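Below is one structure, written out as structure tokens, with a few remarks after it.
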Amino acid sequence: MHMFDDKDMKIFGSPKIENEADVLIRIVEIMKKQRANGNMDRAKALGETIARKSYALEGFESELLGRIDEYKDNEDISDQIRMLVNFTVEAEIHVLLEKYSVSTMTVNAFYDELIKLDEDLYDNITNAFTYYYLVLRKGGDVASGMGKQFAKLCSDKENEKLQILGKDIFNAICENLKLEIEKAEFVNE
């Protein structure tokens, strides 16, 4: 009888994962720590503030607001502006806030407040977000990519004016978020 050496054999299936109870306990401990140091309250307040400011387009330079205002009578473009603003807020919060529990709480509070401001807004974001996530995944010059995707979603992908507007909105939101997160004074432990 021939003996086989099976040291190099691979067994297919899911890789060994941590005990689910241990993972849950760790998550609970992290959340407890973030609640105790006040970060959860800060995250909720930050999300609500960002929602109100982004909904009102507060914090944008007057020149950018003027360019946005040019499209106030074009419902399709106005809706796409809202989608870009909301996507950028959500994605950038996750980038800027390193602790997942804090970023998730901030995003949840952001959307809770947005729904209070505009019940219909949340229902229409899925398609636009899918395309914007593709831009993030691609990397490179993300702001320019966002501008191009914005123009495409506005059904005018070659329109350089719309591309620049989308890029400028993306950059303005990113800058505003950095300032708001600084003001929140999260505890880093």
Side-chain angles (χ1 to χ4, degrees), residues 18-65 68 78-126 128-137 139 142-143 145-147 149-150 166-189:
E18 273 185 83
N19 178 328
E20 287 183 34
D22 291 341
V23 172
L24 183 60
I25 289 169
R26 192 162 7 118
I27 290 170
V28 168
E29 287 171 354
I30 290 168
M31 295 298 286
K32 188 176 171 182
K33 184 177 181 180
Q34 295 301 322
R35 238 186 319 279
N37 69 19
N39 277 350
M40 290 312 219
D41 292 333
R42 288 179 187 88
K44 186 172 190 263
L46 175 64
E48 291 168 352
T49 298
I50 291 170
R52 289 188 297 273
K53 287 185 173 191
S54 66
Y55 187 77
L57 301 177
E58 189 179 315
F60 284 16
E61 294 177 5
S62 59
E63 184 272 334
L64 179 56
L65 286 173
I68 290 170
S78 292
D79 286 347
Q80 288 306 320
I81 289 170
R82 289 275 173 219
M83 296 309 121
L84 177 59
V85 167
N86 295 333
F87 172 81
T88 304
V89 168
E90 179 180 332
E92 198 64 11
I93 284 171
H94 286 301
V95 169
L96 294 173
L97 292 175
E98 297 171 1
K99 292 184 177 17
Y100 181 74
S101 57
V102 174
S103 67
T104 300
M105 173 61 84
T106 304
V107 169
N108 288 341
F110 168 74
Y111 281 117
D112 287 346
E113 189 67 19
L114 269 186
I115 290 168
K116 290 177 190 173
L117 296 169
D118 183 351
E119 294 175 1
D120 299 327
L121 187 67
Y122 192 72
D123 295 334
N124 301 319
I125 61 176
T126 307
F129 277 33
T130 300
Y131 291 110
Y132 289 133
Y133 272 117
L134 292 173
V135 173
L136 285 182
R137 279 191 167 165
V142 173
M146 289 295 181
Q149 194 61 259
F150 171 74
K167 176 181 178 177
D168 291 348
I169 290 170
F170 177 81
N171 285 331
I173 291 291
C174 291
E175 288 306 310
N176 288 339
L177 281 174
K178 288 176 189 172
L179 296 173
E180 290 300 322
I181 289 170
E182 274 182 37
K183 288 183 204 174
E185 298 180 336
F186 284 102
V187 176
N188 289 318
E189 294 180 344

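Just so we're clear, the structure is a prediction, and the values are computed from it rather than from any experiment.
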Here the gap from Ile115 atom CD1 to Phe110 atom CZ, rounded to the nearest 0.5 Å, amounts to 10.0 Å
Tell me, please, which residues at least two apart from Asp168 pass side-chain hydrogen bond (donor to acceptor under 3.5 Å, both in side chains).
Arg67
How about Ile169 and Thr88: do any of their side-chain heavy atoms sit closer than 4.5 Å?
no
Between Asn39 (side chain) and Val187 (backbone), is there a donor-acceptor pair under 3.5 Å?
yes
Rounded to the nearest 0.5 Å, the CE atom of Met83 sits from the CD atom of Gln149 at a distance of 14.5 Å
Side-chain contact, heavy-atom cut-off 4.5 Å: Glu180 with Thr49?
yes
Got a second to check how far Glu185's CD is from Glu182's CD, nearest 0.5 Å?
9.5 Å
Please name all residues satisfying side-chain contact (heavy atoms from CB on, under 4.5 Å) with Ala109, sequence neighbours left out, ordered by chain then number.
Lys44, Glu48
Starting at CG of Leu179, measure out to NZ of Lys53 and round the result to the nearest 0.5 Å.
9.0 Å
How long is the straight-line distance from CD1 of Ile93 back to CD1 of Ile181, given to the nearest 0.5 Å?
6.5 Å
Please identify each residue that fulfils side-chain hydrogen bond (donor to acceptor under 3.5 Å, both in side chains) with Lys32, with sequence neighbours left out.
none
Can you check side-chain contact (heavy atoms from CB on, under 4.5 Å) on Lys167 and Leu84, steps first, answer last?
CA-CA 10 Å; Lys167 176 181 178 177; Leu84 177 59; over 6 Å; no
Could you tell me whether the side chain of His94 reaches within less than 4.5 Å of the side chain of Thr106, counting heavy atoms only?
no
Glu58 and Asn176 have their tightest heavy-atom pair at O-ND2, 3.9 Å
Calculate, to the nearest 0.5 Å, the distance between atoms CG and OG belonging to Leu96 and Ser103 respectively.
10.0 Å
For a quick test of reading the model, state the closest non-hydrogen atom pair linking Gln34 to Val102 and the distance between them.
OE1-CG2, 3.3 Å
Can you tell me if Arg42 uses its side chain to pair, donor with acceptor, with the backbone of Asn37 under 3.5 Å?
yes
Start with the C-alpha gap between Glu113 and Tyr55, add the side-chain angles, then the distance that decides, and say whether side chain to side chain donor-acceptor pair (under 3.5 Å) holds.
CA-CA 10 Å; Glu113 189 67 19; Tyr55 187 77; over 6 Å; no
Please name the pair of heavy atoms, one in Leu117 and one in Arg52, separated by the smallest distance, quoted to 0.1 Å.
CD1-CA, 4.0 Å
Just wondering, do Leu136 and Phe87 contact through their side chains at under 4.5 Å, heavy atoms?
yes
Min side-chain heavy-atom separation Leu97-Leu46 under 4.5 Å:
yes
Closest non-hydrogen atoms of Ala43 and Phe186, given as atom of the first, atom of the second and distance, are N-CE2, 3.6 Å
Minimum heavy-atom separation for Ser54 and Asn86, please, with both atom names.
OG-OD1, 4.5 Å
Heavy-atom side-chain contact between Ile81 and Phe150 under 4.5 Å
yes
